[in-house]
> 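If you scroll down you'll find the structure; I have some questions about it.
One-based numbering, in listed order, for ligands and for the atoms of each.
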Amino acid sequence: MASSSTVYLLFLFLATTLIMIPRPSSSRAVPSHDDGGAGKAAYTKVCDASRFEAAGLDMSRYPYCNASLPYADRVHDLIGWMTVEEKVSNLGDWADGAPRVGLPPYMWWSEALHGISSTGPTTKFDDPKKPRLHSGRAAVFNGTVFANVINSAASFNESLWMSIGQAISTEARAMYNLGKGGLTYWSPNINIVRDPRWGRALETPGEDPYVVGRYGVNFVRGMQDVPGHVDTSDLNSRPLKTSACCKHYAAYDVDDWYGHTRFKFDARVEERDMVETFQRPFEMCIRDGDVSSVMCSYNRINGIPACADARLLLGTIRRDWGLHGYIVSDCDAVRVMTDNATWLGYTAVEASAAVIKAGLDLDCGESWIFEDGKPVMDFLTTYGMEAVRKGKMREADIDNALTNLYMTLMRLGYFDGMPKYENLNEKDICSDEHKSLALDGARQGMVLLKNHDNLLPLSAEKHAAVTIRGPHAQAPEKVMDGDYTGPPCRYVTPHEGISKDVKISHDANLTVYFGGINLHIEREGNDREDLLLPKNQTEEILSIAEASPNPIVLVILSGGGIDISFAHSNPKIGAILWAGYPGGEGGQAIADVIFGRYNPGGRLPLTWFKNKYIHQIPMTSMALRPQPDHGYPGRTYKFYDGPDVLYPFAHGLSYTKFRYELTVPDKSTTVKLAAARRHCKRLSYKAGTLHAAPSCPAIDVASHACEETVSFNVSVVNHGDVDGAHAVLVYTVPPREVASAPIKQVVAFQRVFVKAGAATTVGFTLNVCKAFGIVEKTAYTVVPSGISIVHLENGDSSSPSSVSFPVKISFSA
Ligand SMILES: *[C@@H]1O[C@H](CO)[C@@H](O)[C@H](O)[C@H]1NC(C)=O
Ligand SMILES: *[C@@H]1O[C@H](CO)[C@@H](O)[C@H](O)[C@H]1NC(C)=O
Ligand SMILES: *[C@@H]1O[C@H](CO)[C@@H](O)[C@H](O)[C@H]1NC(C)=O
Ligand SMILES: *[C@@H]1O[C@H](CO)[C@@H](O)[C@H](O)[C@H]1NC(C)=O
Ligand SMILES: *[C@@H]1O[C@H](CO)[C@@H](O)[C@H](O)[C@H]1NC(C)=O
Ligand SMILES: *[C@@H]1O[C@H](CO)[C@@H](O)[C@H](O)[C@H]1NC(C)=O
Ligand SMILES: *[C@@H]1O[C@H](CO)[C@@H](O)[C@H](O)[C@H]1NC(C)=O
């Protein structure tokens, strides 16, 4: 921290260097701990008597440091010591703390989408090019970069998702112990991919709300759960390994589509779509994952900015779903309300007051902008005092926000330490175990899209040499790793991966082409204009295929789907493998699949549409169901069954063949739900399907105990000649007479390993309300009476297998 030009900055400097990272003088490029000048080891806990003593304070005077008191009492005490100015200065992500009473500054913003990321100001990997002034602490240059989330999603393996969360939180704790990172991580991203053009598909688990929700639950549990404390009775004091954050709430999935930016976009959303699609993963993340934070998004929803919507924040997240934790704004979302959305003509002060009133607890400010010579980091700390003085912001609401924040830090051991994790250090980052998990995860997510005449796997004996072509053969880290990463521990390009197996020659009789897109085409802040490959790439692939003596292998790197119809229908392109953006170990994972050391078992977590589809519907139309008045088709596999699909949701081939055999207890499963007449809801029916509507068409699940279940076993038979993993997806199909219901919906899934010639039995128990429930027009979740179908299909168009059975649901008074 060289010269600070103003007294204000000098004050900030003094206030913040007491313990941790100093604020920058003019930009958000933060000096690392080492050149921060403090020269001290990072602290491990706030309530350390010697730390208080060094600051001239007596810790025993502060009950907030008394570990025998309940967290709630300690937090109450802590806030009680603070002046209103101090309180307000803690409502932004660079929280000042209250050094006067022993509370150090804390930086809230860390990211861990698929590995610890250098995005945000808190996480500091060391830079080998910069000399480190204090050599006492170990340097950390790299972290484990797992495959991107869209890849992991394709594995449909819940234990993989949890293991990745566990590995990342271990590395995060190690970074924290080394003074290079925080405890609060703003991951995962659980917005669904409503439109195939969305630039952030790579960051997400795909298009299905249930699958996305299960990804969120498992990742969050991996990040947060401390073994032995998973099911405590008091969830408000449940310890956290690290804090995860489900984002971005809600109905956010337009970044920048022909000038419609996320900052200005007002998503017009029907309540039914809110409940059924946009909110569902968040509800699961909070209720089933017990996540400790939710981030509200930039966009407006039906006119109101998400971060200023009391119904969504206080009503839904806190009251209905019972969040134990804090709500943070997307970075600069409060500024965006005034500067970009110009919502209600609000001033900065009014916007700050509105978000606190709506239930926001923390404002992330990304910018470092000077106004009247003073830095504006985030709106709440900058304009909060003025809002308080003008009577627009109540101190009691500020206290509530701080309570949510400090309860989270208490649970993280920020005040008392957490001995269980205090020995983690640089050796726990990029450990062999984590690197092999990254490799295994990347392999599990590979999706074989086409394999004519079993061109794949190649055999190293048969193919002494292959020719490698295409822009991604030497894909740099930026392509393989995608977004939100740190420098990877190890980095294997596709070319390197392949060259371990065979000679790379340019005149071999077999060609592997590495194509696809990259972050210039799909990324945060940039939606796609079309679903095609760059034109010259298509031309190159076609001309190489044409000239090749044998069919070529095409490997596609992308997050979202690509219309490669030209390749699918071309007999000279024999095999197509989707590798997503597979992370640091990606080149090895690709080679393992191409040479048959790993039998691919991934299935697409989103529909790959033909490019024609996007000309039928603007990205800004939020509706999931077809809109006949506008001629818009439906969205995702749940509501679109038209012709413009290249590869459907859950498509994925294998080097072996899987067949299903079903064991249902009773051929005609009938479930009777006890229902009082007042719980009955009306449904709309398709014209001409029923003589008369049933007397009780459907029951409202909210008023029903929902204990009924349907159980069945499915035997997954591997009748090919190699071992392999297969993801079993269970769908339900609502009664066919019900109008505007989903075509089908995923209600359960399980990835299993089956040896060649063997079978593995998987048992499923479906909760009737959850699995057969649908959301009716007025947004009630109901179970319809009538015949629903349970349906399974193996996703392998070259060797299809599907099984179904009907479930008759009726109500008895
Ligand atoms: C901490 O709280 C407990 C329980 O109220 C009390 O008995 C104890 O004296 C307190 N310790 C200190 C140092 O104040
Ligand atoms: C948001 O508003 C600010 C201030 O007017 C402007 O500088 C910025 O470019 C706007 N951003 C977008 C994406 O419109
Ligand atoms: C590890 O990080 C350093 C610093 O960013 C980088 O130079 C190096 O390439 C990384 N290692 C690998 C294997 O990518
Ligand atoms: C490719 O060439 C090798 C010799 O280099 C030969 O053994 C092999 O049969 C050829 N494969 C095909 C599919 O033509
Ligand atoms: C296609 O054109 C772009 C832009 O000129 C170029 O960077 C890229 O290398 C070309 N790709 C191929 C496969 O020829
Ligand atoms: C499923 O398999 C389990 C374990 O083998 C068995 O106990 C159960 O009865 C089976 N259920 C059905 C519906 O066949
Ligand atoms: C699921 O992932 C776990 C953790 O990586 C792995 O051990 C297991 O083999 C995977 N299951 C299948 C069936 O692939």
Side-chain angles (χ1 to χ4, degrees), residues 144 146-147 151-168 214-215 218-219 222 433-447 468-476 479 511 513-518 520-521 532-545 554-557 583 585 589 592-593 598-603 652 654 656 658 661-669 671 709-716 718 723-730 749-755 758-766 790 803 805 807:
T144 307
F146 294 91
N151 294 65
S152 299
S155 75
F156 287 89
N157 184 346
E158 297 195 77
S159 60
L160 172 69
W161 302 339
M162 191 182 286
S163 302
I164 289 174
Q166 285 165 340
I168 295 173
R214 289 305 303 168
Y215 177 87
N218 281 282
F219 182 83
E433 190 194 330
H434 292 179
K435 282 185 286 198
S436 48
L437 182 63
L439 173 59
D440 187 40
R443 286 191 297 227
Q444 290 191 40
M446 299 273 159
V447 183
I468 290 188
R469 299 292 300 270
H472 287 335
Q474 306 276 10
V479 172
T511 297
Y513 188 98
F514 289 92
I517 54 179
N518 59 34
H520 290 294
I521 294 173
L532 302 170
L533 284 178
K535 190 160 176 282
N536 58 351
Q537 198 183 122
T538 302
E539 285 163 359
E540 186 177 75
I541 294 168
L542 284 171
S543 74
I544 288 171
L554 175 61
V555 179
I556 293 287
L557 272 66
E585 307 287 333
D592 287 347
V593 169
Y598 190 87
N599 182 357
R603 301 179 68 172
S654 169
T656 192
F658 294 105
E661 285 170 11
L662 198 60
T663 328
V664 192
D666 177 347
K667 278 279 176 236
S668 58
T669 306
V671 186
T709 57
V710 169
S711 296
F712 64 97
N713 291 332
V714 60
S715 173
V716 182
N718 179 343
D723 303 349
H726 174 70
V728 182
L729 271 66
V730 179
F749 56 91
Q750 169 87 48
R751 183 180 173 105
V752 293
F753 179 80
V754 194
K755 284 203 155 305
T760 301
T761 298
V762 200
F764 290 98
T765 294
L766 307 179
V790 173
V803 289
F805 66 94
V807 175

> For Gln474, does the CD atom sit with more than 12 other heavy atoms under 6.0 Å from it, leaving out its own atoms?
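Atom CD in Gln474 is crowded, with more than 12 foreign heavy atoms closer than 6.0 Å.
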
> Out of all atoms in ligand 5, which are within 4.0 Å of some heavy atom of Glu540? Include the element for each.
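Answer for ligand 5: 13 (C).
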
> Check each atom of ligand 7 against the heavy atoms of Phe753 and keep those under 4.0 Å away; list them by number with element.
13 (C)

> Does atom 7 (O) of ligand 5 have any protein heavy atom closer than 4.0 Å?
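Looking at atom 7 (O) of ligand 5, one finds that no protein heavy atom lies closer than 4.0 Å.
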
> With atoms numbered from 1 as shown, which atoms in ligand 7 lie under 4.0 angstrom from a non-hydrogen atom of Leu437?
5 (O)

> Can you classify the ring geometry of Phe156 versus Trp161 as parallel (below 30°), tilted (30 to 60°) or perpendicular (above 60°)?
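Tilted.
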
> Under 3.5 Å, is there a donor-acceptor pair between the side chain of His472 and the main chain of Ile517?
yes

> Could you tell me whether the side chain of Arg469 and the main chain of Ile544 form a donor-acceptor pair under 3.5 Å?
no

> Would you mind checking which non-hydrogen protein atom is closest to atom 14 (O) of ligand 7, with the distance to 0.1 Å?
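Going atom by atom, the protein heavy atom closest to atom 14 (O) of ligand 7 ends up being Arg751 NE, 2.9 Å.
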
> With under 30° as parallel and over 60° as perpendicular, where do the rings of Phe146 and His434 fit, or are they tilted in between?
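Aromatic pair Phe146/His434 classed tilted.
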
> Are any of the protein's heavy atoms under 4.0 angstrom from atom 1 (C) of ligand 5, yes or no?
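Neighbour list for atom 1 (C) of ligand 5 includes protein heavy atoms (cut-off 4.0 Å).
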
> Answer yes or no: is there a donor N or O on one side and an acceptor on the other, between the side chain of Asn151 and the main chain of Ala442, under 3.5 Å?
no

> Need the ligand 7 atom indices (1-based, order shown) with element for anything under 4.0 Å from a heavy-atom of Asp440.
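Here the atoms of ligand 7 in question are 5 (O).
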
> For ligand 7, indicate whether the residue Val752 contacts it via side chain, backbone, both or neither (heavy-atom separation under 4.0 Å).
backbone

> Should the proximity of Asn157 to ligand 7, defined as any heavy atom under 4.0 Å, be assigned to the side chain, the backbone, both, or neither?
side chain

> Just going by heavy-atom distances, which of Ile544, Asn536, Leu533 is nearest to atom 10 (C) of ligand 5?
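Minimum heavy-atom distance to atom 10 (C) of ligand 5 goes to Asn536.
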
> Do any N/O atoms on Asn713 end up under 3.5 angstrom from N/O atoms on ligand 6?
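Such a contact does occur with ligand 6.
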
> Check whether Thr760 reaches the backbone of Phe753 with its side chain - one donor and one acceptor, N or O, closer than 3.5 Å.
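Side chain of Thr760 to backbone of Phe753, a donor-acceptor pair under 3.5 Å: yes, one is there.
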
> For atom 9 (O) of ligand 7, grab the closest protein heavy atom and report residue, atom and distance to one decimal in Å.
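Its nearest protein heavy-atom neighbour is Gln444 NE2, 4.6 Å.
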
> Within the distance-only criterion (no hydrogens, no angle test), does the side chain of Glu585 pair as donor or acceptor with the backbone N or O of Ser436 below 3.5 angstrom?
no

> When you measure from the side chain of Arg751 to the backbone of Ala725, do you find a donor-acceptor pair of N or O atoms at a distance under 3.5 Å?
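Looks like no, no N/O pair under 3.5 Å.
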
> As an exercise, identify every atom of ligand 7 less than 4.0 angstrom from a heavy atom of Ser159.
1 (C), 2 (O), 3 (C)

